[in-house]
Q: 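Here you go, one structure.
By convention in this document, chain letters (A, B, ...) are assigned in the order of the sequence lines, proteins followed by strands, and residues within each chain are numbered from 1.
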Number of protein chains: 2
Amino acid sequence: MGLTKTEMYTDLQNEISLFAKGFGHPARVAILQHLFKINTCVCGDLVNEIGLAQPTISQHLKELKHLNLIQGNVEGTSVCYCINTKKWTKMKEIMSQFLNLDILKKEDCC
Amino acid sequence: MGLTKTEMYTDLQNEISLFAKGFGHPARVAILQHLFKINTCVCGDLVNEIGLAQPTISQHLKELKHLNLIQGNVEGTSVCYCINTKKWTKMKEIMSQFLNLDILKKEDCC
DNA sequence: ATTATTAATCGTAATATTGCAATGAACAAA
DNA sequence: TTTGTTCATTGCAATATTACGATTAATAAT
């Protein structure tokens with residue numbers, strides 16, 4: 001059905017999976033890496049950088065914006081994108097807590 | 001098209017996105033959390049625990065197994081699942097490195 | 001041997017995601 | 001005002017994902 005039954009999970013489980021889904025495409029990973037690398041706003045060169053068509057990049061940016069992990073500020077004709085540091089930090093905490101569940105693990109089995 | 005153009009990204013970018021996709025569903029997050037919580041093998045009660053149909057759980061387990069994040073060992077009629085600690089650690093390093101890109105960031109903008 | 005239990009697989013339906021051409025909106029430059 | 005630039009949106013086609021009923025395979029219990 002392609003339809004996730006979100007109501008049967010905890011808010012945290014849904015939140016983790018939504019962030020993960022955000023990283024679940026190499027183009028979005030590449031976009032975020034580039035934004036960090038550039039270390040300032042990126043004004044439009046993402047299309048050249050990544051190599052997908054402009055509408056496709058725009059769609060990926062929209063998803064990242066929807067997660068609030070990036071911001072877009074209009075600057076004349078172009079738009080400047082950058083990481084939303086605050087949100088990124090929050091996201092990182094949530095994801096780290098999940099990834100570090102193994103430190104509670106006492107023994108191996110099987 | 002629903003078809004990701006993996007050839008245009010680096011191996012690392014593809015790897016990150018594949019792991020992320022693995023966490024990109026709350027049922028799989030719940031499965032992993034449960035495996036950590038139980039701290040030993042889980043022999044079949046995942047269906048009761050999560051609340052999805054047995055074939056659906058089986059399918060999610062298959063994906064996690066394919067990523068090598070969990071292992072399944074046959075034990076009589078049932079199958080015992082547990083975290084693959086080694087692989088989890090490797091995955092965690094890769095994901096952490098990505099999540100920690102913000103510590104290289106010097107300044108805010110926009 | 002028959003029956004019960006457990007979990008994988010198959011088949012199928014519904015929804016989601018990915019990608020891009022075409023178009024539109026907003027602004028700058030001429 | 002016209003033209004060019006930049007990016008968002010729309011519409012559509014193709015593939016992927018999610019979910020589950022039905023079935024199968026393997027073993028255990030009787």
Side-chain angles (χ1 to χ4, degrees), chain A residues 1-9 13-14 16-31 34-35 41-67 70-82 110, chain B residues 1-9 13-14 17-32 34-35 41-67 70-82 110:
Chain A
M1 306 172 167
L3 175 60
T4 298
K5 297 179 161 184
T6 54
E7 74 282 359
M8 49 192 290
Y9 307 103
Q13 286 164 345
N14 283 315
I16 291 171
S17 67
L18 283 179
F19 281 133
K21 215 186 266 188
F23 304 142
H25 194 287
R28 291 192 289 272
V29 171
I31 288 172
H34 189 65
L35 288 181
C41 298
V42 152
C43 296
D45 57 344
L46 279 168
V47 173
N48 305 322
E49 189 67 28
I50 314 271
L52 290 170
Q54 179 266 322
T56 309
I57 296 289
S58 192
Q59 198 174 343
H60 284 304
L61 287 170
K62 193 178 175 185
E63 289 176 58
L64 292 173
K65 240 186 304 184
H66 191 254
L67 287 171
I70 66 172
Q71 301 172 311
N73 295 76
V74 181
E75 193 110 343
T77 31
S78 59
V79 178
C80 282
Y81 285 103
C82 62
C110 299
Chain B
M1 305 173 166
L3 176 59
T4 298
K5 297 180 160 183
T6 54
E7 74 282 359
M8 49 192 291
Y9 306 102
Q13 286 164 344
N14 283 315
S17 67
L18 283 179
F19 281 132
K21 215 185 266 188
F23 304 141
H25 193 288
R28 292 192 290 271
V29 171
I31 288 172
L32 292 164
H34 189 65
L35 288 180
C41 297
V42 153
C43 295
D45 58 344
L46 280 167
V47 174
N48 304 322
E49 189 67 28
I50 313 272
L52 290 171
Q54 178 266 321
T56 309
I57 295 290
S58 193
Q59 198 174 345
H60 283 304
L61 288 169
K62 193 179 175 183
E63 290 176 58
L64 292 173
K65 242 187 302 184
H66 190 253
L67 286 172
I70 65 172
Q71 300 172 312
N73 295 76
V74 181
E75 193 110 343
T77 28
S78 60
V79 178
C80 283
Y81 286 103
C82 61
C110 299

Q: Would you please name every residue forming a side chain to side chain donor-acceptor pair (under 3.5 Å) with A:T4, sequence neighbours left out?
A: B:H25
Q: Kindly give the heavy-atom pair with the smallest separation between A:F23 and A:V29, and that separation in Å.
A: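 Where A:F23 meets A:V29 most closely, the heavy atoms are O-CG2, 3.4 Å.
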Q: When all nucleic acid strands are considered with a 4.0 Å heavy-atom cut-off, which category describes B:S78: base, sugar-phosphate, or nothing?
A: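 Here B:S78 touches the backbone only, sparing every base.
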Q: Taking any heavy-atom pair under 4.0 Å as a contact, classify A:L61: base, sugar-phosphate, or nothing.
A: nothing
Q: Holding to side-chain contact (heavy atoms from CB on, under 4.5 Å), I want the full list of residues that pass it with B:Q54, two or more places apart in sequence or in another chain.
A: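 Residues passing side-chain contact (heavy atoms from CB on, under 4.5 Å) with B:Q54: B:V47, B:S58.
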Q: Check every atom of D:dC7, D:dT9, C:dA8 against the side chain of A:V79 and return the nucleotide holding the closest atom.
A: D:dC7
Q: Could you tell me how far apart A:N48 (CG) and D:dT6 (C1') are, to the nearest whole angstrom?
A: 12 Å
Q: At under 4.0 Å between heavy atoms, what does B:E75 touch on the DNA or RNA strands: base, sugar-phosphate, or nothing?
A: nothing
Q: What's the CD-P distance between A:E49 and D:dC7, to the nearest Å?
A: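 For the pair A:E49 CD and D:dC7 P, the rounded distance is 14 Å.
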Q: What are the two closest non-hydrogen atoms of A:G22 and A:L64, and how far apart are they?
A: O-CD2, 4.1 Å
Q: Expressed as a whole number of angstroms, how long is the span from A:H60:NE2 to D:dC7:C1'?
A: 16 Å
Q: Between atom CG of B:L32 and atom NE2 of B:H34, what is the distance when rounded to the nearest 0.5 Å?
A: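 B:L32 atom CG to B:H34 atom NE2 measures 11.5 Å (nearest 0.5 Å).
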Q: Could you write nucleotides 25-30 of chain C as a row of B, S and -, 5' to 3', where a protein heavy atom under 4.0 Å of any base atom gives B, of only sugar-phosphate atoms gives S, and otherwise -?
A: --B---
Q: Rounded to the nearest angstrom, tell me the gap between atom CG in B:L46 and atom P in C:dT6.
A: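 Taking atom P of C:dT6 as the reference, CG of B:L46 is at 14 Å.
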Q: Round to a whole Å and report the spacing from NZ of A:K21 to P of C:dA16.
A: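 So the two atoms are 9 Å apart, to the nearest Å.
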Q: What is the distance from CD1 of B:I57 to C1' of D:dT17, rounded to the nearest Å?
A: 15 Å
Q: If you check every side-chain atom of A:P55, which of D:dT6, D:dT9, D:dC20 has the closest atom?
A: D:dT9
Q: Looking for any heavy atom pair under 4.0 Å, which part of the strands does B:S58 touch: base, sugar-phosphate only, or nothing?
A: base
Q: Taking the nucleotide of DNA chain C with the closest heavy atom to each, which residue, A:A53 or B:K65, is nearer the 5' end?
A: B:K65
Q: Nearest of D:dA19, C:dC10, C:dC20 to any side-chain atom of B:H25?
A: D:dA19
Q: Rounded off to whole Å, could you give me the CD1-to-C1' distance for the B:I31 and D:dA19 pair?
A: 13 Å
Q: Which atom pairs link the protein and nucleotides 11-15 of chain C when you take only N or O atoms and keep those under 3.5 Å?
A:
{"residue": "C:dA13", "atom": "N1", "partner": "A:M1", "partner atom": "N", "Å": "3.3"}
{"residue": "C:dA14", "atom": "N3", "partner": "A:M1", "partner atom": "N", "Å": "3.2"}
{"residue": "C:dA14", "atom": "N3", "partner": "A:M1", "partner atom": "O", "Å": "2.8"}
{"residue": "C:dA14", "atom": "N3", "partner": "A:G2", "partner atom": "N", "Å": "3.3"}
{"residue": "C:dT15", "atom": "O4'", "partner": "A:M1", "partner atom": "O", "Å": "2.3"}

Q: Just do the side chain to side chain contact (heavy atoms under 4.5 Å, CB included) check on A:M8 and B:L52 with the steps written out, would you?
A: CA-CA 9 Å; A:M8 49 192 290; B:L52 290 171; 3.7 Å; yes
Q: If you pin A:Q54 and A:R28 to their nearest nucleotides in DNA chain C, which one's is more 5'?
A: A:R28
Q: Step by step, would you call B:T56 with B:H60 a side chain to side chain contact (heavy atoms under 4.5 Å, CB included)?
A: CA-CA 6 Å; B:T56 309; B:H60 283 304; 4.0 Å; yes
Q: Can a donor-acceptor pair be found, under 3.5 Å and without considering hydrogens, that links the side chain of B:R28 to the backbone of B:K21?
A: yes
Q: Mind checking B:L52 for me? I need base, sugar-phosphate or nothing, with any heavy atom below 4.0 Å counting as a touch.
A: sugar-phosphate
Q: Starting at atom CG of A:L18, determine the distance to atom C1' of D:dT17, rounded to an integer number of angstrom.
A: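 Distance, rounded to whole Å: 15 Å.
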Q: If the condition is side chain to side chain donor-acceptor pair (under 3.5 Å), which residues does B:Q59 pass it with, not counting sequence neighbours?
A: none
Q: Mind checking what makes side-chain contact (heavy atoms from CB on, under 4.5 Å) contact with A:H66, not counting sequence neighbours?
A: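 Once residues adjacent in sequence are excluded, A:H66 has no partner under the side-chain contact (heavy atoms from CB on, under 4.5 Å) criterion.
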